[in-house]
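Structure first, then comments.
Residue numbering restarts at 1 for every chain, and letters A, B, ... go by the order of the sequence lines.
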Amino acid sequence: FRWTQWIFLKLYNSWFNPETNKAEPIETLDCAPGVPPGSAPDKSSGAPTSHAPTRQDAGGTFETSRRAYRDSKRLAFVMEAPVWWCEQLGTVLANEEVVDGKSEVGGFPVVRKPMRQWMLRITAYAEKLLADLDTIDWSDSLKEMQRNWIGKSEGAEVQFKVSSESVISNQSGTRASTTGSLNTDLLITVFTTRPDTLFGATYMVLSPEHKLLAEIVAPEQREAVKKYQQFAAGKSDLERTELAKEKTGVFTGAYAINPLSGEQIPIWVADYVLASYGTGAIMAVPGHDVRDLEFARKFDLPIRIVVQAPEGKDPLGWTEDGISVGFRPIEGLATKAAKREIINYLVERGLGWKTINYKLRDWLFSRQRYWGEPFPIVWKKDAQGNDYHEAVPEKSLPVLPPPLDDYKPTADGQPPLARAREWVELKSGARRETNTMPQWAGSCWYYLRYLDVANEDRFVSREAEQYWMGGARPAGVFPLLAPGEWHAQLENLCHRAFVDGKRPPFAVEYARVTPQLAQEIQRVSGMDVSDYRHSIDVYAVRHVINEHGNPFFEEPRGLMALSLEDLERLPEILAEPDSVEFSAKQPGGFKRFVISKRINGFVCVVEEARTKHGQLQLVTMYKRKTTARDVTPKAPLSDTSETLRRSELTKAVAPAPVKVTPGVDLYVGGTEHAVLHLLYARFWHKVLFDLGYVSTPEPFFKLVNQGLILGEDMQKMSKSRGNVVNPDDILVEYGADAFRLYEMFMGPLEMVKPWNTKGVEGVYRFLGRVWRLFIDEKSEVEFEQAQTATESPRHKELLELIQLSPAITASDATKEQLKVLHTCIKKVTEDLDGLRFNTAISAMMVFVNEATAWQARPASMLADFLVLLQPFAPHISEELWEKLTANSKLETRNSKLQLAYQPWPKFDPTLLVEDTLEIPVQVNGKLRDVLRVSATATPQEIEAAALNAEKVQPFISSKTVKKIIVVPKKLVNIVVA
RNA sequence: GCCGGUGUGGCGAAAUGGCAGACGCACGGGACUUAAAAUCCCGGGACCGUAAAAAGUCGUGCGGGUUCGAGUCCCGCCACCGGCACCA
């Protein structure tokens with residue numbers, strides 16, 4: 001409670017500074033120029049901004065207005081707004097906790113209800129939470145879920161003037177006429193991701209909750225609109241989604257002016273436009289939006305085609321990229337360019353601006369429950385009698401909940417804590433906040449506390465945090481390449497970027513910064529980068545190929561598509577560039593260099609960023625033709641992707657990565673936390689990082705989703721289905737070792753798998769075989785008899801009766817035995833690294849099956865085997881270890897050390913080499929025989945043996961042998977006509 | 001509709017482009033036992049053969065392609081699971 005509340009106060013006392021792009025103490029707020037929190041620091045946008053209060057501000061005292069201004073910027077803030085109320089749970093819930101109109105926990109109905117609640121400004125971190133997904137090793141599906149939840153859309157806000165005629169007629173009907181200067185500048189702002197289709201906006205739609213609705217609605221439509229608003233408000237969110245199939249809406253009687261065409265377009269109200277997203281109003285382009293088209297067809301509204309679809313495709317309802325038509329300034333431009341041009345057009349005329357929208361909402365953080373951390377907040381009254389909130393001093397933490405007789409909310413709907421009046425009402429006259437935090441609060445940072453649980457002075461010591469969480473270098477950076485490796489590594493990178501997306505991100509350092517380049521950079525920036533290395537990662541490769549390697553979407557600026565060949569010339573370009581430019585101001589505070597060189601009539605431009613790890617990291621690359629005459633056709637996209645697709649790419653061998661572990665090394669959990677815990681924890685961690693309390697920007701570097709275990713009937717386990725397997729029963733019957741071993745043996749970690757109790761018996765039998773590999777069965781019978789003969793259930797001394805099997809010897813292992821052991825060591829070691837527990841266990845089963853047949857079992861081998869088994873079945877392994885090491889004659893390892901601390905065995909590859917090999921012989925790809933040949937046989941010898949093989953002869957004798965493929969140590973394939 | 005994942009024996013599953021089905025479950029046969037359980041040994045994709053074998057043919061969701069060779073790589077589909085969903 002204490003440190004969770006302490007972190008909350010950090011959130012409370014911070015704001016997000018878009019200038020520095022990070023959270024800062026609230027005290028720095030007054031010095032910064034006003035920019036709306038969460039919005040992109042886009043100075044050229046022309047979007048309206050708020051500003052910090054100055055002493056000249058009218059109304060109220062400076063203190064009051066400063067407090068109000070600070071409170072509006074805090075990362076933890078109070079908001080009076082409709083929230084999700086769940087009657088059965090007796091509390092409000094966050095967006096993320098509401099699924100299909102029901103509570104995520106329990107599936108109870110929820111309703112919208114206006115309440116004053118604490119919120120956390122997670123939206124300020126939307127961009128970072130999105131962008132940094134690229135730096136962590138999580139599954140694609142999980143990352144995708146977070147991306148969808150954050151829901152970034154780039155586009156523009158456009159202002160539509162409400163047609164003066166409708167305003168005049170409206171106002172004269174509603175208010176006392178406001179003299180000659182009528183408000184003809186009534187503006188409605190819409191958000192669109194397709195500003196290029198603005199010319200095709202033939203009507204407008206406002207959400208039923210839109211603020212301007214009352215002002216614009218025509219008298220004759222007032223009644224209809226009001227009814228519609230009530231109709232929409234009466235629908236629960238569940239109904240709203242269920243009824244989504246049929247569009248509804250009402251004409252407002254008002255018109256707006258399409259800023260491009262100048263036409264009057266009708267303004268409608270419809271609930272397919274959400275108040276909570278964008279501006280709550282849209283420009284409807286039925287020609288190129290399915291929802292608008294559906295609506296337009298239902299209400300017979302005009303439709304205009306402004307984007308040409310590819311040949312053979314219907315332009316009506318074409319929502320993908322195409323060629324703009326109809327509006328002169330962008331006529332003929334491809335969508336990407338048309339968007340850019342239209343935005344320029346709008347900005348120049350003050351009609352709109354570029355903007356970014358996120359679906360992510362701020363996090364509703366308070367609950368009306370007893371069992372949660374109370375907010376360390378008190379409420380006071382100012383001179384005017386208005387309530388304001390204040391932090392409890394850090395030294396007063398923790399704020400503990402008082403004991404209560406009744407844990408239900410009060411009769412008038414206040415949280416349970418409100419029942420404790422002496423606790424709530426302080427002597428000073430201040431009152432405690434009675435809401436509590438949700439359970440997520442603790443789970444947002446528990447992994448940090450685990451590092452240093454007993455610390456009384458800090459939530460985690462710096463030393464512990466840095467030792468366990470700190471990563472000195474970014475993940476998987478490969479050291480500088482040896483000369484000549486560049487080509488292979490680039491193919492490796494391309495392969496990882498485009499073919500094998502599952503691999504973790506990594507970067508390659510491929511060249512030192514040359515003295516020429518270092519000198520030039522020093523000259524333009526004053527920075528010394530002489531000991532820096534150039535690096536390139538999969539994201540740069542993707543970016544370069546996707547952005548500049550795709551001729552179809554290329555911008556009309558003389559830029560040319562890149563090929564793999566161009567990338568291959570990076571070292572050449574960077575060694576002796578023609579020019580170097582420097583741009584100090586970049587998002588994230590990176591220093592960037594634009595390095596260019598003219599090659600074969602093209603100017604190749606390479607942008608690199610300076611990282612804190614002594615690298616110049618490739619950001620992007622493109623080439624442009626200098627003059628029209630310089631055009632020489634270069635490899636188009638098809639060639640590039642063909643190159644990438646070459647199967648040779650898959651052969652590129654990846655070197656072992658340098659082990660670095662920023663954040664939690666490995667986090668294993670289910671997908672149910674995808675947009676809850678895993679998003680919340682990332683947010684808190686980033687705030688703590690910005691404020692300097694932790695040393696990594698991400699909490700969990702590698703995350704694996706274990707698959708759900710289904711019931712034996714292949715259904716999700718649930719009480720109502722009655723197919724739940726109680727772990728306690730399994731533990732009693734088979735023990736913890738067999739239980740965990742079975743869960744690991746069922747199949748790949750990430751896969752969904754059905755439970756099968758028979759399968760537990762299988763691994764239980766395996767553990768039994770392991771036991772009998774070590775233990776003399778006769779002695780065990782004696783033990784059991786002695787046990788039944790005595791009454792007391794606990795006889796430690798009786799255990800002494802259990803003896804090691806006489807087959808266990810101090811003798812040396814045979815070559816054959818060593819091969820079996822080391823095959824097992826190799827497999828288990830490699831499979832553990834890859835979290836392939838199922839195949840590791842099967843390798844141990846193979847070993848035990850073999851070893852059971854041995855008359856003499858060398859103790860040293862069995863000791864090594866126990867070390868392998870120990871992580872999978874720790875109890876039985878330690879037990880056997882004790883028995884094995886009790887016999888001093890057999891000692892092979894340091895028997896003083898517990899098994900868990902024994903060094904991991906290393907496999908010896910030389911022991912795995914076979915003397916003779918089995919070589920399958922195929923004819924036209926079909927298996928005909930298997931030869932046994934010496935491992936030293938030459939390809940010629942193998943070929944001859946294959947041709948002479950008895951079983952092969954009938955298939956080749958009457959035919960001509962066209963070709964013989966001999967794969968050394970693998971196989972022979974004879975191709976006949 | 002969009003995004004992600006998965007399709008291999010009766011079942012859970014293995015297979016750096018190179019002998020498909022390792023390992024385990026279930027099943028069948030045998031040994032031990034008065035008997036059962038436990039344990040140990042043997043068998044096993046389908047088809048066609050055969051007294052039994054052997055040999056042969058077909059087989060990794062479907063249709064194409066690349067390759068000497070494809071469960072694996074490429075193109076196009078289908079089915080199932082998970083997530084998102086009137087987000088402009």
Side-chain angles (χ1 to χ4, degrees), chain A residues 99-100 139-145 147-149 151-153 155 190-194 197 205 240-241 243-245 247 270-274 276-285 289-292 294-295 319 357-360 499 642 645-647 649-651 653 671 674-675 705 707-708 710 712 714 742 745-748 750-763 765-766 768-769 772 777 836 838-846 849 852-853 918-930 951 954 962-967 969-976:
Chain A
V99 178
D100 294 336
S139 73
D140 286 336
S141 67
L142 194 53
K143 286 186 181 183
E144 210 47 38
M145 278 190 230
R147 284 193 194 105
N148 287 341
W149 194 262
K152 179 180 183 173
S153 295
V190 302
F191 172 69
T192 176
T193 56
R194 291 295 300 272
T197 64
V205 185
R240 234 169 131 148
T241 47
L243 295 172
K245 284 156 199 156
K247 295 263 183 301
D271 69 356
Y272 83 90
V273 174
L274 308 175
S276 56
Y277 183 77
T279 62
I282 62 155
M283 62 178 213
V285 185
D289 181 286
V290 286
R291 297 149 304 183
D292 296 344
E294 201 186 319
F295 192 82
T319 57
N357 250 305
Y358 300 91
K359 284 200 278 185
L360 186 68
V499 185
E642 206 57 52
R645 225 176 272 139
R646 283 210 317 262
S647 63
L649 280 179
T650 59
K651 288 182 184 160
V653 182
T671 48
V675 292
N705 286 129
L708 207 63
L710 304 177
E712 302 207 53
M714 303 283 276
Y742 172 63
F745 185 61
M746 289 169 87
E750 295 95 333
M751 293 288 109
V752 174
K753 295 154 291 222
W755 177 267
N756 178 10
T757 303
K758 288 284 186 193
V760 188
E761 284 180 29
V763 293
R765 278 202 277 268
F766 162 67
R769 282 204 299 282
R772 288 188 296 277
E777 283 190 75
R836 294 179 297 268
N838 54 332
T839 48
I841 291 166
S842 83
M844 290 188 287
M845 286 172 168
V846 171
N849 289 346
T852 302
E918 283 192 345
I919 303 288
V921 182
Q922 299 179 337
V923 177
N924 282 350
K926 286 187 180 170
L927 181 71
R928 296 304 175 187
D929 200 2
V930 178
K951 291 179 181 171
K962 284 173 69 183
K963 196 173 175 182
I964 301 177
I965 287 117
V966 179
V967 184
K969 295 177 195 256
K970 282 282 183 202
L971 142 157
V972 179
N973 190 9
I974 303 166
V975 186
V976 295

Taking only the C1' atom of each, what is the distance from B:G21 to B:U8 in whole angstrom?
8 Å
Starting at atom CZ of A:Arg836, determine the distance to atom C1' of B:A13, rounded to an integer number of angstrom.
15 Å
Mind checking the C1' distance from B:A15 to B:A22? Whole angstroms is fine.
8 Å
Quick one: label A:Gly151 by what it contacts on the DNA or RNA (base, sugar-phosphate, nothing), any heavy atom closer than 4.0 Å.
nothing
Rounding to the closest angstrom, what is the interatomic distance between B:G59 and B:A46 at atom P?
16 Å
Can you tell me the distance, in whole Å, between the CG atom of A:Leu708 and the C1' atom of B:G83?
14 Å
Assign A:Ser842 to base, sugar-phosphate, or nothing according to its heavy-atom contacts below 4.0 angstrom with the strands shown.
base
What is the pairing partner of B:C84, taking Watson-Crick or G-U wobble pairs with both distances under 3.5 Å in any strand?
B:G1
Please classify the nucleic acid contact of A:Asn973 as base, sugar-phosphate, or nothing, using heavy-atom distances under 4.0 Å.
base
Under a 3.5 Å limit on both distances, the Watson-Crick or wobble mate of B:C19 is none
Determine the contact category for A:Val752: base if any of its heavy atoms lies under 4.0 Å from a base atom, sugar-phosphate if only primed atoms, P, OP1 or OP2 are that close, otherwise nothing.
sugar-phosphate
I want to verify a distance call: between B:U6, B:G12, B:G18, whose nearest atom is closest to the A:Ile965 side chain?
B:G18
So A:Pro748, base contact, sugar-phosphate only, or nothing? Heavy-atom distance under 4.0 Å.
sugar-phosphate
Both distances below 3.5 Å, Watson-Crick or wobble geometry, any strand: find the nucleotide opposite B:U39.
B:A31
Sugar-phosphate only, base, or nothing, as touched by A:Met844 at under 4.0 Å among non-hydrogen atoms
nothing
Heavy-atom nearest nucleotide on RNA chain B for A:Pro920 versus A:Gly925: which residue maps closer to 5'?
A:Pro920
Regarding A:Glu918, tell me which of base, sugar-phosphate or nothing describes its non-hydrogen contacts under 4.0 Å with the strands shown.
base
Name the nucleic acid region contacted by A:Asn357, choosing base, sugar-phosphate or nothing; use a 4.0 angstrom heavy-atom cut-off, strictly under.
nothing
Establish, from distance only, whether the side-chain atoms of A:Asn756 and A:Tyr742 form a donor-acceptor pair under 3.5 Å.
no
Distance criterion of 3.5 Å, no angle test: do you see the side chain of A:Asn148 paired donor-to-acceptor with the base of B:C84?
no
Between A:Ser153 and A:Trp149, which is nearer to the 5' end of RNA chain B once each is assigned its nearest nucleotide?
A:Trp149
Need one value for A:Arg769: base, sugar-phosphate or nothing, where a base atom within 4.0 Å counts as base even if backbone is also close, heavy atoms only.
sugar-phosphate
Counterpart base for B:U57, defined by Watson-Crick or G-U wobble contacts under 3.5 Å:
B:A46
I need the CE-C1' distance between A:Met145 and B:G82, as an integer number of Å.
7 Å
Base of B:G83 relative to its sugar, syn (within 90° of 0) or anti?
anti
Looking for any heavy atom pair under 4.0 Å, which part of the strands does A:Asp292 touch: base, sugar-phosphate only, or nothing?
nothing
Between protein and nucleic acid, restricted to nucleotides 26-30 of chain B and to nitrogen or oxygen atoms under 3.5 Å apart, what atom pairs and distances do you find?
{"from": "B:A26", "atom 1": "OP2", "to": "A:Arg765", "atom 2": "NH2", "distance (Å)": "3.0"}

Compare the minimum distances between each of B:A13, B:C86, B:U16 and the side chain of A:Lys753, then state the nucleotide with the smallest one.
B:A13
Touch check for A:Glu144, heavy atoms < 4.0 angstrom, all strands: base, sugar-phosphate only, or nothing?
sugar-phosphate
Compare side-chain N and O positions of A:Asn849 against OP1 and OP2 of B:G24 and report whether any pair is under 4.0 Å apart.
yes
As a test of reading the structure: which of B:C23, B:A88, B:A13 is closest to the side chain of A:Met845, going by heavy atoms?
B:C23
Just to be sure I understand the rule, does A:Lys926 reach a base, reach only the sugar-phosphate, or reach nothing, if contact means heavy atoms closer than 4.0 Å?
sugar-phosphate
Any base atoms under 4.0 Å from A:Arg928, or only sugar-phosphate, or nothing? Heavy atoms, all strands.
sugar-phosphate
